[in-house]
Amino acid sequence: MPELPEVELVARYLRPHLLGRRIARIATTRPSYFFLTAPALLQKQLPKRSVTSLTRIGKYLIAGLDNQQSLLLHLGMTGQLIMASVHNPRLVTSKQKQLREGSTLTEFVPDEHTHLSVYFDDQGPLLYFRDTRKFGKVRLLGVGQSDPRLDKLGPDALTISTSDLVLASRSRRAKAKALLLDQTVLAGVGNIYADETLYSAGIHPERPANALSESDCAALAKTIRSILRKSIRAGGSSIDDYVHPDGSDGSFQTRFNVYDRQGEDCRRCNGKIQRIVIGQRSTHFCPNCQR
DNA sequence: GTTCCCCTGCGG
DNA sequence: CCGCAGGGGAAC
C-alpha cells in the first residue's frame, strides 16, 4: 500500500489522535521478523509511556516517547495503522466493507494479521498495526539509538533537489527507474510514483542514470515533488486496501497515467502503455512519450 | 547492480 | 495451478 504520500497521510491523521496519550498495555502476535524488537520487550517497555511526537522520514514513521525512546514503524507492502474503538466502530479494509454490507460485521475485529494492538490509559480508541504479509517492521529505539535503515536514507522525496539527483545519477549505471526506487538516493518514492514521475518527466525507465542531463534531473526533481504533493492533496492512492487510519480511501489512483494501465491508451499520444520488469518490479511507461 | 527471498491473498 | 502485488534486505 504505502509510499510517501500514504505514509504522510497516516502521520497527519494519527498525530491529533495519538500525541499526548499514555499507553496502558499492548497486545502482539508471536515473534516474527516483523518484530525487529521482540514482542516481549515491547510489552515490557511501552506501557506507561506517552507519545510525544510522530515523524515521517521517507516511508518510515517514528513515534517519539516521553522517555526519549522512540518506536520505529514501517508499513512494508500491506501494513495498515488503524485507529479504532469498539465504542465508535470504524471500518477498515475495502474487503471488510464488502463483508459488512452483506453480513453483521459492525466493527474492526483484530485478526491474526493484527500484530500490534495499543491500549491507552484514557480508554479511548486503540491503535492497531495490521499487516498481512508481514513485510512491515516495528522496532523500539533506545535513547540516542539510531537505526541503520534510517541512517542510509537519502533526502526526503518531498524536498528533493536537482543537485541531489545530478550528484546521485552521475556515477550510476542503474536504470532511471531503479534510481528513483533507491531509498539511499531519495527517500519515499515507490513503484507507483516512480512510474508516474518518469512518465510526466518524459524519461524512459530504462535510460541509464548516468545518461540523464542536468535538465532531466531538474525535470525529475520538480516532477517528483509535484506528483507527491498532488497525491497527498488527493488523499493518496488506494488500490486493494484502505489508506487512512479511519478506513477512508484516497483517490489519486484514478489519476494514474501509466501505473497498472498496460495495454491502455496513453493519455497524451495515441500509443499504448507498455509493461516491463526492472529490478523485479513491474514498470509501466509510454514508449512514445518517454525516451 | 541484479537476483532471490521474506509472507499472504487474489485473480486469471 | 500460476503469476502477481504499493517494500526492502541479503546474497551473489
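Just so it is clear, the structure is predicted and the values come from calculations on it, not from any experiment. No hydrogens, no waters, no symmetry mates; every other heavy atom, side chains included, goes into these values. Chain naming here is simple, since letters A, B, ... match the order of the sequence lines and numbering starts at 1 in each.
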**OP:** Please list, by residue number, the residues of residues 170-183 of chain A whose heavy atoms come closer than 4.0 Å to an atom of DNA chain B; answer none if no residue qualifies.
**Re:** R172(A), R173(A), A174(A)
Subject >> Under-4.0 Å salt bridge between K272(A) and D265(A) >> reply: yes
Subject >> Interatomic distance, R275(A) CZ vs dC4(C) P [rounded to whole Å] >> reply: 6 Å
Original post:
What is the distance, rounded to the nearest whole Å, between atom CZ of R133(A) and atom P of dG8(C)?
Top reply: 13 Å
Original post:
In whole Å, what separates the P atom of dC4(C) from that of dT3(B)?
Top reply: 15 Å
**OP:** Examine dC7(B): is either OP1 or OP2 under 4.0 Å from a nitrogen or oxygen in the side chain of H113(A)? Give yes or no.
**Re:** no
Original post:
Roughly, in whole Å, what's the span from CG in L9(A) to P in dG6(C)?
Top reply: 19 Å
Original post:
Among dC7(B), dA5(C), dG9(B), which nucleotide sits nearest the side chain of M77(A)?
Top reply: dA5(C)
Subject >> SB check D156(A) R56(A) (cutoff 4.0 Å) >> reply: yes
Original post:
Taking only N and O in the side chain of S282(A), is any of them less than 4.0 Å away from OP1 or OP2 of dG6(C)?
Top reply: yes
Original post:
Any sub-3.5 Å donor-acceptor pair from H244(A)'s side-chain atoms to G235(A)'s backbone N or O?
Top reply: yes
Original post:
Roughly how far apart, to the nearest Å, are dC5(B) and dC2(C) at atom P?
Top reply: 16 Å
Original post:
For the residue pair F34(A) and F135(A), is the inter-centroid distance of their aromatic rings smaller than 6.0 Å?
Top reply: no
**OP:** For Q80(A) and dT8(B), give me the distance from atom CD to atom C1', rounded to whole Å.
**Re:** 13 Å
Original post:
Expressed in whole Å, how much space separates the P atoms belonging to dC7(B) and dA11(C)?
Top reply: 16 Å
**OP:** With a 3.5 angstrom cut-off on both distances, give the Watson-Crick or G-U wobble partner of dC7(B), or none if there isn't one.
**Re:** none
**OP:** Between dG7(C), dA5(C), dC7(B), spot the one nearest the side chain of Y259(A), thanks.
**Re:** dA5(C)
**OP:** Flag the pair K48(A) and D121(A) as a salt bridge only when some basic side-chain nitrogen lies within less than 4.0 angstrom of an acidic carboxylate oxygen.
**Re:** no
Original post:
Which listed nucleotide (dG6(C), dT8(B), dG7(C)) is nearest to the side chain of E6(A)?
Top reply: dG6(C)
Original post:
Pairs in or reaching into residues 44-78 of chain A: which pass ring pair (Phe, Tyr, Trp, His ring centres under 6.0 Å), with residues at least two apart or in two chains?
Top reply: Y60(A)-H74(A)
Subject >> Gap separating the CG atom of L158(A) from the OG atom of S226(A), nearest 0.5 angstrom >> reply: 11.0 Å
Original post:
dG6(C) phosphate, OP1 or OP2: any side-chain N/O from R281(A) under 4.0 angstrom?
Top reply: yes
Subject >> Centroid distance under 5.5 Å and plane angle under 30°, Y33(A) vs dC6(B) >> reply: no
Original post:
F129(A) and H115(A): aromatic ring centres closer than 6.0 Å?
Top reply: no
Original post:
Given atom CZ of R130(A) and atom C1' of dG6(C), what is their separation to the nearest angstrom?
Top reply: 16 Å
Original post:
K59(A) has a side chain; which of dG9(B), dG8(C), dG6(C) sits nearest to it?
Top reply: dG8(C)
**OP:** Taking only the side-chain heavy atoms of I192(A) (C-beta and beyond), determine which of dG9(C), dG9(B), dG6(C) contains the nearest atom.
**Re:** dG6(C)
Original post:
Whole Å only: how far is the CG atom of D147(A) from the P atom of dG8(C)?
Top reply: 13 Å
**OP:** Would you indicate what Y60(A) reaches in the nucleic acid, counting non-hydrogen atoms under 4.0 angstrom: base, sugar-phosphate, or nothing?
**Re:** sugar-phosphate
Original post:
N191(A) has an atom CG; how far is it from atom C1' of dA5(C), in whole Å?
Top reply: 9 Å
**OP:** Considering only atom P, compute the distance from dC4(B) to dG3(C) and round it to an integer number of Å.
**Re:** 14 Å
**OP:** Identify whether any heavy atom of K137(A) sits under 4.0 Å from a base atom; if not, whether one sits that close to sugar-phosphate; answer base, sugar-phosphate or nothing.
**Re:** nothing
Original post:
Taking CD from Q280(A) and C1' from dG7(C), how many angstroms apart are they, rounded to a whole number?
Top reply: 13 Å
Original post:
Whom does dG6(C) pair with, Watson-Crick or G-U wobble, provided both distances fall under 3.5 Å?
Top reply: none
Subject >> Check ion pair D195(A)-K177(A) (N to O, under 4.0 angstrom) >> reply: yes
